[in-house]
Q: 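Here it is, the structure in full.
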Amino acid sequence: MEIRIGYPCINWTIGCKADRTFRLKSYSEERLVKIVENNLDCLLEILRFNLRHSLLFFRITSDLVPFASHPVCQFNWQEHFTKQFKKIGDFIKTNDIRISMHPDQFILIDTVDDRVWEKSRRELVYHAQVLELMELDTSARIQLHVGGVYGDKKGSIKRFVERFQKLEDIVKRRLVIENDDKNYTLEDCLRISDEIGIPVLFDVFHHELNSSGETVPEAFQLFTETWKGKDGIPMVDYSSQKKGGTKSGHAVSIDLTHFKKLLAETEPFDFDVMLEIKDKEKSALKAVKAASQDYRFKKIAV
DNA sequence: TCACGTCAAGCAGAT
DNA sequence: ATCTGCTTGACGTGA
């Protein structure tokens, strides 16, 4: 029985960043090594902070190794940083921390452009390699949206399914698809999941903006079934709407009433929930407090 | 030292 | 045809 709470990529409390980068124009091996050293050190610092605060779910930034999948990068960063990756992986495994990664909007499996497909494939391999180097099991996942519609949803889904089969095994065994706010609903994702057998990550906020009308309990009944055995327990993305902002803008800080409602509605499911809130760990800490009464919440003896 | 234009990558919808 | 949101800061050039 467990719920783990997390936040994505960045921690504002501790004084380091795991997503430092530089300009492509100023690329050099020395530059890359220096930045990646910093990023890996900081990632471990963030995970230590998280552990102290019972935050046992974390999304690792895609910027951990800048330009890793870009042709400019001929450096064998995988070999050079093997020890550091393993050390972080050991920390994650020892403390039963859940990890996800989320390649950004340029990564498209269903694209109609072969060049975009090739670049996306490489970027997905990079993400998988990070998790492999940490020697994490397949409960550590890479989440991706289905992609563009290109004026033909059926055809785009078909292309997604066909392209998925061409992905490297290390990517295939970690990929999960997530419902988005405009194009692909939970229902679409479930249909794809049926065909290719990968889990569906449920985004509560996107579902509020774009769905076929399922209630949250109904949605949980459906998507949780796509997570089996070695996939780990289901993953959920959570946010609420930014007040006065654009429709799909994420809230600046957590709406605890809204969050508690989610906990109440989702009983008795176990899941790991990623809080996509602008103030990151600050709201995550509030959520930990709010969830600490919940029998499902995984507590850490500090 | 500081300001600010721009940063690897794409799609979709608005203007 | 061009701009903006997604997401947001911070890199790094030019003064």
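Each chain gets a letter, A, B and so on, in the order the sequences are listed, and its residues count up from 1. Small disclaimer: the values here were computed from a predicted structure and weren't measured.
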Q: Between Arg31(A) and dG12(C), is there a side-chain N or O to OP1/OP2 distance below 4.0 Å?
A: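 Affirmative; the distance criterion is met.
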
Q: OP1 or OP2 of dT6(B) sitting under 4.0 Å from any side-chain N/O of Arg23(A)?
A: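 Checking Arg23(A) against dT6(B): no side-chain N or O falls below 4.0 Å of OP1 or OP2.
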
Q: Side chain of Phe106(A), heavy atoms from C-beta onward: which of dA9(B), dG12(C), dC11(B) has the nearest atom to it?
A: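 Comparing dA9(B), dG12(C), dC11(B) against the side chain of Phe106(A), the answer is dA9(B).
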
Q: Check whether NZ of the Lys or CZ of the Arg Arg98(A) lies under 6.0 Å from the centre of the six-membered ring of Phe58(A) and within 45 degrees of that ring's axis.
A: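 Pair Arg98(A)/Phe58(A) does not count as cation-pi.
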
Q: Name the pairing partner of dT13(C), where a pair is Watson-Crick or G-U wobble with both distances under 3.5 Å, or state none.
A: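 Per the H-bond distance test, dA3(B).
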
Q: On the six-membered ring of Phe22(A), is Lys34(A) placed so that its NZ or CZ lies under 6.0 angstrom from the centre and within 45° of the ring axis?
A: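 No.
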
Q: Students often get this wrong, so: under 4.0 angstrom with heavy atoms, is Ser120(A) touching a base, only sugar-phosphate, or nothing?
A: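 No contact.
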
Q: Leu24(A) and His70(A): which non-hydrogen atoms are nearest, and at how many Å?
A: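 Looking at all heavy atoms of both residues, the shortest contact is CD2-NE2, 3.8 Å.
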
Q: For dA10(C), take OP1 and OP2 only and decide whether either is under 4.0 Å from a side-chain N or O of Thr21(A).
A: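 No, because none of the side-chain N or O atoms of Thr21(A) sits under 4.0 Å from OP1 or OP2 of dA10(C).
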
Q: Measuring to OP1 and OP2 of dG9(C), would you say a side-chain N or O of Lys17(A) lies under 4.0 angstrom away?
A: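 Answer no for this pair, as no side-chain N or O of Lys17(A) is under 4.0 Å from OP1 or OP2.
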
Q: Once the angle between the rings of Phe220(A) and Phe271(A) is folded into 0 to 90°, is it parallel (under 30°), tilted (30 to 60°) or perpendicular (over 60°)?
A: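 Aromatic pair Phe220(A)/Phe271(A) classed perpendicular.
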
Q: Base, sugar-phosphate alone, or nothing: which one does Val72(A) contact when heavy atoms must sit under 4.0 Å apart?
A: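 No contact.
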
Q: Report yes if a side-chain nitrogen or oxygen of Thr111(A) is closer than 4.0 Å to either non-bridging phosphate oxygen (OP1 or OP2) of dC11(B); otherwise report no.
A: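 So the side-chain polar atoms of Thr111(A) do come within 4.0 Å of the phosphate oxygens OP1 or OP2 of dC11(B), strictly under.
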
